[in-house]
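The structure appears below as C-alpha cells.
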Amino acid sequence: MQVTPTLTEGLKRSFTVVIPAADLQGRYDARLAEVSRDVKLPGFRPGKVPAAVIKQRFGESVQAEVTEKLVQESVRSLLEEQDIRPAMQPKVDLVSAGTDGKDLEFTLEMEILPEIPTPDMSGTKLTRYSAKVADDVVEKALGEVAQRNRKFETVDEQRPAVKGDVLNVNFVGKKDGVPFDGGTAEDVNVEIGGAGFIPGFAEQMEGMKPGEERTITVTFPENYQAKELAGQEATFDIKVNALKKAVEPTIDDEFAKSLGLESVEQMRKLITEQAEGEYRQLSRMRIKRDLLDVLSEKVDFEAPQGMVDAEFGQIWSRIEEERKNGGLDEKDAAKDEETLRADYRKIAERRVKLGLLLAEIGRKQDIQISQEELLAALQQEARRYPGQEQAVFEFFTKNPQAIENLRGPILENKVVDYLIELAEVTDKEVTAEELADMPDAD
C-alpha cells in the first residue's frame, strides 16, 4: 500500500492510497477460489465448477466485495499506522476500482480530533443548590389530583351555563361548510372557562342551555397537530345534551383508596418523593451547567467544523420548526436570521467542544461504563414507550450503534461526577423557585 499525504491544514487531512494491482488480483483470485469450493450449481459436482464459469457468474460481485473489503482494511491500517483519530467517518472516493489490471486507488479525506488539554481543576469553586419540598407544594399537588378526578353531576335546573359548569355536547366541525375528519363527537364534556382543545371553543358555549343548538366559529392554532387545519378558520355546530357541575372529591383515605393507595398520608409521601426527585434533577442540572461554564473558560481548542456543522444542523432544524409554529421565545423572534444563525452556531461549537473535552477526560482517566449501567439506561429508554418495551429491547439488540448512543450520556455524567469531586463544592439551600430559576448559559 502506497500512502501519499495531499493535505495537512488545521484539522483537515487527506491522502491518496494506491494498492498495487498484483495485491488486488491475489485477493480476487483467493476469494474466487473460496467461492468455487462452496458454490453449488446444477450440472456440476461441488468444488468441480470450472474457473471460467465461476468468474462469469460471480466475478463482478467478488470484485466489488474484495475492493470494498480492501479499502476498509487499508483505511483502518492507515489510521493505526499514523496514529490518526478521525473526528467523524472519513470520506472515501474511488479513483480507480482496480479493474482491467489497474492499481486500486482511492482518496481519503477527514478531520482529525484536536489536541485537547487537560483542565486544571485546582481552585475551582462550585455551588450545589438544594431545596426542601414545602407543605403547600404537596397540598397543591393533592388538590390537582382531586381536580383531575372530579365527578360530574347533572343539573336539573334549566339555566344557562356559567364559568365552572360543564356542558355535555355533541358537535360537528366543518371547514368551508364541509365536515372534516376528527371534527365530530358525541357526549363530550366541555368545561366552561376551562382549557378547550381550540382557543375560543369553550368560551363561546357560555350561556347555552340543555337542548340548545349554536354554531360557533374558531381559528385553529398555527401549530395545530393536523397540518391541514393549522391556522385555518372552522365552524362547529353544537348541541347541548345536559348541564353538569363538577364535584371535587374529599381528600381523605377513601379517596386515596379509590386511586389504589392505602391512605392520604401515602399520597403525600409519594408526592413528596416525586418532588424531591425533581428537585435533585434541577440541582444536578445547575451544578453541571456551572461546571461546563468553568470548563468552557479553562480550555479552548479548535473544533472540527464537520462536527460543528452537524450539531448546528440539528439545532437549526428545531429552530426552523419552532419558528414555523410560532414557538420561538421573544428574544429569538426579535432577531434577524443572520444573527440567529450566528448565535446558535456558537452554541453548537460550545456543545461540540465540551463533548470532546468530556470524552477526552474520560479516555485519559479510563472511566469505564459497566454492563449494569448500560442495561439500566436501556431499561429507562424502554420505559418511555409503555407497552412497547419488548420492541425497544429488540431494536437495540439488532442495532449496535443505537446501544453506542446510550453510552455517550452515561460517560458524560460519570466524567461530570469525577470533575465535581475535584472541585470545592459549597452546599446552599434555596427555595424551589430559586432552584428552578436556571440562569442563561454563558
Side-chain angles (χ1 to χ4, degrees), residues 7-14 84-91 109-121 124-127 129 221-224 227 230-231 281-282 284-363 405 408-409 411-413 415-416 419 423 436-442:
L7 177 65
T8 303
E9 182 181 295
L11 299 178
K12 294 181 179 179
R13 299 288 185 274
S14 64
I84 292 175
R85 290 196 295 156
M88 300 176 71
Q89 184 68 28
K91 179 185 177 184
E109 297 178 6
M110 73 194 85
E111 281 186 292
I112 64 172
L113 290 175
E115 289 294 326
I116 303 175
T118 301
D120 179 9
M121 298 300 292
T124 299
K125 296 182 179 181
L126 298 171
T127 301
Y129 298 95
E222 292 289 342
N223 60 346
Y224 192 67
K227 299 298 182 183
Q281 288 184 339
L282 286 171
R284 169 72 176 184
M285 288 171 60
R286 286 287 295 267
I287 196 170
K288 179 178 178 179
R289 241 285 307 283
D290 291 345
L291 172 66
L292 295 181
D293 286 344
V294 169
L295 293 176
S296 187
E297 292 175 1
K298 282 181 174 290
V299 179
D300 192 23
F301 51 88
E302 182 182 359
Q305 287 307 299
M307 297 183 74
V308 176
D309 290 343
E311 182 68 26
F312 174 74
Q314 291 184 0
I315 294 174
W316 192 250
S317 294
R318 177 178 55 80
I319 294 300
E320 286 188 317
E321 187 67 24
E322 289 180 356
R323 182 164 55 182
K324 178 181 176 182
N325 296 329
L328 282 183
D329 63 37
E330 292 182 5
K331 289 183 180 179
D332 282 350
K335 298 174 183 176
D336 59 67
E337 181 161 330
E338 183 178 352
T339 302
L340 201 59
R341 279 181 170 271
D343 288 348
Y344 279 100
R345 189 164 186 86
K346 288 179 182 177
I347 291 174
E349 185 168 358
R350 171 187 162 98
R351 287 184 182 178
V352 168
K353 285 184 176 181
L354 287 172
L356 289 174
L357 175 58
L358 293 174
E360 183 67 5
I361 293 172
R363 187 180 72 88
N405 291 339
L411 177 63
E412 179 177 298
N413 281 320
V415 174
V416 166
L419 293 173
D437 186 21
M438 179 84 74
D440 291 337
D442 291 347

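Bear in mind that the values here come from a model prediction, so they are computed numbers and not experimental data.
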Practice item. State which residues pass ring-ring contact (aromatic ring centres under 6.0 Å, His included) with Tyr129; sequence neighbours excluded, sorted by chain then number. Key: none
Practice item. Answer yes when Asp290 and Arg286 have at least one side-chain N-carboxylate O distance shorter than 4.0 Å, and no when they do not. Key: no
Review point. Can a salt bridge be assigned to the pair Lys335 and Asp329 using a cut-off of 4.0 Å between side-chain N and carboxylate O?
Key: no
Those residues that, when tested against [X], pass side chain to side chain donor-acceptor pair (under 3.5 Å) (two or more places apart):
X      : result
Arg13  : none
Glu111 : none
Arg341 : Glu337

Any side-chain heavy-atom pair of [X] and [Y] under 4.5 Å:
X      : Y      : result
Leu419 : Leu295 : yes
Asp293 : Arg350 : yes
Arg363 : Arg85  : yes
Met110 : Ile84  : yes
Pro119 : Ile361 : yes
Val308 : Gln305 : yes
Leu340 : Asp332 : yes

Check your understanding: Looking at Arg345, Lys353, Lys346, which one forms a salt bridge (Lys or Arg N to Asp or Glu O under 4.0 Å) with Glu349?
Key -> Lys353
What are the two closest heavy atoms between [X] and [Y], and how far apart are they?
X      : Y      : answer
Leu356 : Pro304 : CD1-CD, 3.7 Å
Gly362 : Leu411 : CA-CD1, 4.5 Å
Thr127 : Ile287 : O-CG1, 3.9 Å
Phe301 : Pro117 : CD2-CD, 4.4 Å
Ala303 : Leu11  : C-CD1, 3.9 Å

Review point. Has the side chain of Lys298 got a donor or acceptor atom that lies under 3.5 Å from a matching backbone atom of Met121?
Key: no
Check your understanding: Looking only at atom types and distance, does a side-chain atom of Ser296 sit under 3.5 Å from a main-chain N or O of Leu292, one as donor and one as acceptor?
Key -> no
Point to revise | Sequence-distant partners of Glu322, salt bridge (charged side-chain N to carboxylate O under 4.0 Å, His left out), two or more places apart | key: Arg318
Point to revise | Partner set under salt bridge (charged side-chain N to carboxylate O under 4.0 Å, His left out) for Glu412, not counting sequence neighbours | key: Lys288
Sequence neighbours excluded, which residues qualify as side-chain contact (heavy atoms from CB on, under 4.5 Å) partners of [X]?
X      : value
Ala359 : none
Ser14  : Thr6, Leu7, Glu109
Thr118 : Lys364
Asp336 : Glu338, Thr339

Check your understanding: Any ring-ring contact (aromatic ring centres under 6.0 Å, His included) pairs touching residues 326-352, not counting sequence neighbours?
Key -> none
Review point. What pairs of residues pass the ring-ring contact (aromatic ring centres under 6.0 Å, His included) test when at least one of them lies in residues 306-327, not counting sequence neighbours?
Key: Phe312-Trp316
Practice item. Kindly check if the number of other-residue, nucleotide or ligand heavy atoms within 6.0 Å of NZ (Lys125) is above 12? Key: no
Point to revise | Worked verdict on Leu328 versus Ile319 for side-chain contact (heavy atoms from CB on, under 4.5 Å) | key: CA-CA 7 Å; Leu328 282 183; Ile319 294 300; 4.0 Å; yes
